[in-house]
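One structure below.
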Amino acid sequence: MDACIVIPARYASTRYPGKPLATLRGASGTPRSLIERSVMAARAAAGGAIPVFVATDDDRIEAEARRIGADVIRTSDTCRNGTERVAEAIARAGIAPEIVVNLQGDAPLTPPHFVTALIGALRADPSVGMATPALRCEAEVVENLLADRRAGRVGATTVVFGASRDALYFSKEVLPFTNGKGVVDGTVPVFHHVGVYAYRPAALAAYQAWAPGPLETLEGLEQLRFLENGHPVRVVEVTAPGAVFWELNNPSDVALIEGYLARTGQD
C-alpha cells in the first residue's frame, strides 16, 4: 500500500460530545453526519486510488461509518489526540503504507489538493518523515487574528519555518511578531497552519513512544511533540483563494459550515 487516509473520530469530545454524528445540511438541504462529510472529503482527495479508514473507539461512530460504506479500524479509548489514534490504528490493523495521512474528522471543508500536496512532498523527498500544510494569510486575516488575541480569544494556529521549510514552532499566538500590523515591508509574514498531516510509519511509531511535552501541553497542539523531540516537520505551502477552513468545534459552528456549503453548492 503506497498511501492511505485515516480519519480519527471520537465521541467523547469535551466541547461537543457526539460531534462526529452531528448533522450538517448541504446546498439542497440534504442532511449528512460530520463523519460522512469527512469521509466524502477524504474520498475526494484520494480520487478512488487511496484507501480511506475511520479510526474510532465508539460503536455509534463505527455504525455510521459502516452505513456509508467506510472501512473502520477500532482503537482504544485512551488516545489523547488524533495522531495517537492514527498511529494506534495503523498498528492494530497491521497495514504498512509508505505514507499515512491524518485527515481530522472535524474538518470537512479541507480542500483535496492539501492532501495530495502533502503526499507529493513525502514522495519527492524520502528524508521527510512528516509534513503539514500552511497558508500565507491575507492582511485582513492577520488583523482579525491580532484583534482576537487582544480580546482574549484564541484564533487560528500559526506556524513559522526556516529556509529548509521545516517548522520552527507552531502556536495559538500570532507568530511572528508584527507589531500589530498585517503587512510588514510589503509582505504578510504570518502563515495559518492547517491541521492535516502526512507521516511515514516510522514517525508515527516514534510519536507513540514519546510522552507529551510541556510545549504540547501549554499550546494544546499535538504536532509540537515532534518538535520537542527533535523530529523535523516539513511545512508545505498551499493556496486556496476564497476558501474557508472552519472546523466543527462547537455547536455554533454548524451554521457557519452549512452556510459555506450552501454558498458553494456542495450537497
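These figures come from a predicted structure and were not determined experimentally.
Nearest heavy-atom pair across Pro97 and Pro201 is O-CG, 2.9 Å. When all heavy atoms of Ala167 and Leu227 are compared, the pair lying nearest together is O-CD2, 3.9 Å. Between Pro20 and Ser33, the closest heavy-atom pair is O-CB, 3.9 Å. Considering every non-hydrogen atom in both Glu36 and Arg67, the closest pair reads OE1-NH2, 3.3 Å. Nearest heavy atom pair, residue Gly213 against residue Thr217, reads O-OG1, 2.8 Å. The heavy-atom pair separating His231 from Ala203 by the smallest distance is NE2-CB, 3.7 Å.
Transitive grouping of hydrophobic side chains (ILVMFWY, heavy atoms separated by less than 4.5 Å) keeps Ile68 and Met40 in distinct clusters. Side-chain heavy atoms closer than 4.5 Å link hydrophobic residues (I, L, V, M, F, W, Y) into clusters, and following such links, even through other members, never connects Leu145 to Val159. Under the 4.5 Å side-chain heavy-atom criterion for Ile, Leu, Val, Met, Phe, Trp and Tyr, Phe177 and Phe170 are members of distinct hydrophobic clusters. Phe191 and Val183 fall into different hydrophobic clusters, defined by Ile, Leu, Val, Met, Phe, Trp and Tyr side-chain heavy atoms under 4.5 Å apart, directly or through other members. No path of Ile, Leu, Val, Met, Phe, Trp and Tyr side chains, each step under 4.5 Å between heavy atoms, connects Val238 with Val188, placing them in separate hydrophobic clusters.
Taking CD1 of Ile99 as the start and CD1 of Ile5 as the end, the distance is 11.0 Å to the nearest 0.5 Å. Considering CG of Asp77 and OG1 of Thr56, their distance stands at 10.5 Å, rounded to 0.5 Å. Separation of atoms NZ (Lys19) and CZ (Arg10) is listed at 7.5 Å; rounding is to 0.5 Å. In this structure, the separation between CD on Glu84 and OG1 on Thr78 is 7.5 Å, given to the nearest 0.5 Å. Rounding to the nearest 0.5 Å places CZ of Arg37 at 13.5 Å from OG1 of Thr110. Going from atom CZ of Phe161 over to atom CG of Leu168 covers 9.0 Å, rounded to the nearest 0.5 Å.
A donor-acceptor contact shorter than 3.5 Å links the side chain of Thr158 to the backbone of Leu175. In terms of modelled atom types and a separation under 3.5 Å, the side chain of Arg136 and the main chain of Val190 share no donor-acceptor contact. Counting only distance, with no hydrogens or angles, the side chain of Ser38 and the backbone of Gly105 share a donor-acceptor pair below 3.5 Å. Put simply, the side chain of Glu228 gets close to the backbone of Leu215: a donor and an acceptor are under 3.5 Å apart. Using a distance-only test at 3.5 Å, with no hydrogens or angles considered, no donor-acceptor pair links the side chain of Arg85 to the main chain of Ala89. Listed for the Thr23 side chain is no donor-acceptor partner under 3.5 Å among the backbone atoms of Arg32. No donor-acceptor distance shorter than 3.5 angstrom exists from the side chain of Thr30 to the backbone of Gly26, with no hydrogens or angles considered. In terms of modelled atom types and a separation under 3.5 Å, the side chain of Arg200 and the main chain of Leu122 share a donor-acceptor contact. Glu222 contributes no side-chain N or O that, together with a main-chain N or O of Asn81, makes up a donor-acceptor pair within less than 3.5 Å.
Looking at heavy atoms from C-beta onward, Asp166 lies out of side-chain contact with Val233 at the 4.5 angstrom threshold. Using a 4.5 Å heavy-atom threshold, the side chains of Tyr16 and Val254 count as touching. Looking at heavy atoms from C-beta onward, Ile119 lies out of side-chain contact with Thr116 at the 4.5 angstrom threshold. Using a 4.5 Å cut-off on side-chain heavy atoms (C-beta onward), Arg234 and Met130 make no contact. Put simply, the side chain of Val39 reaches to within 4.5 Å of the side chain of Val54, judged on heavy atoms. Within the 4.5 Å cutoff, the side chain of Thr178 has heavy atoms near those of the Leu146 side chain. Side-chain contact check for Cys4 versus Ile90: some heavy-atom pair is nearer than 4.5 Å. At a threshold of 4.5 Å between non-hydrogen side-chain atoms, the residues Val174 and Asp148 do not count as touching.
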So Glu219 and Ser171, side chain to side chain donor-acceptor pair (under 3.5 Å) or not? Walk me through it. CA-CA 6 Å; Glu219 293 269 10; Ser171 182; 2.8 Å; yes

When you look at Glu88 and Ser76, which way does the side chain to side chain donor-acceptor pair (under 3.5 Å) test go after all the steps? CA-CA 8 Å; Glu88 184 179 294; Ser76 68; 2.9 Å; yes

For Thr132 and Val236: C-alpha separation, side-chain torsions, deciding distance, then whether side chain to side chain contact (heavy atoms under 4.5 Å, CB included) applies. CA-CA 6 Å; Thr132 193; Val236 178; over 6 Å; no

As a quick check of understanding, evaluate salt bridge (charged side-chain N to carboxylate O under 4.0 Å, His left out) for Arg60 and Glu64, giving each step before the final call. CA-CA 6 Å; Arg60 292 157 291 188; Glu64 173 64 3; over 6 Å; no

I would like to know whether Asp125 and Ser127 meet side chain to side chain donor-acceptor pair (under 3.5 Å); could you show each step before the answer? CA-CA 5 Å; Asp125 188 344; Ser127 71; 2.6 Å; yes

What verdict does the salt bridge (charged side-chain N to carboxylate O under 4.0 Å, His left out) test give for Asp59 and Arg74, after you've listed the backbone C-alpha separation in whole Å, the side-chain angles of each residue and the deciding distance to 0.1 Å? CA-CA 9 Å; Asp59 292 341; Arg74 289 300 293 253; 2.7 Å; yes

Glu216 vs Arg225, salt bridge (charged side-chain N to carboxylate O under 4.0 Å, His left out): CA-CA, chis, key distance, verdict: CA-CA 6 Å; Glu216 176 187 352; Arg225 195 180 308 180; 2.8 Å; yes

Go through the steps for Val196 and Asn102 under the test side chain to side chain contact (heavy atoms under 4.5 Å, CB included), then give the verdict. CA-CA 6 Å; Val196 185; Asn102 172 354; over 6 Å; no

Would Glu98 and Arg123 satisfy salt bridge (charged side-chain N to carboxylate O under 4.0 Å, His left out), going step by step from the backbone distance to the final call? CA-CA 9 Å; Glu98 294 180 21; Arg123 285 175 174 164; over 6 Å; no

So Arg165 and Glu237, side chain to side chain contact (heavy atoms under 4.5 Å, CB included) or not? Walk me through it. CA-CA 9 Å; Arg165 312 298 289 186; Glu237 187 174 349; 3.0 Å; yes

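Among Ile7, Ile50, Val115, the single residue meeting the side chain to side chain contact (heavy atoms under 4.5 Å, CB included) criterion with Val101 is Val115. Of the listed residues (Leu261, Leu248, Leu256), just one forms a side chain to side chain contact (heavy atoms under 4.5 Å, CB included) with Leu109, and that residue is Leu261.
Shown here is Glu138, whose CD atom has no more than 12 heavy atoms of other residues, nucleotides or ligands within 6.0 Å.
Note on ring orientation: taking the six-membered ring where Trp is involved, the planes of Phe226 and Tyr207 are tilted (angle from 30° to 60°). Relative orientation of the His193 and Tyr197 rings is tilted, given thresholds of 30° and 60° on the angle between their planes.
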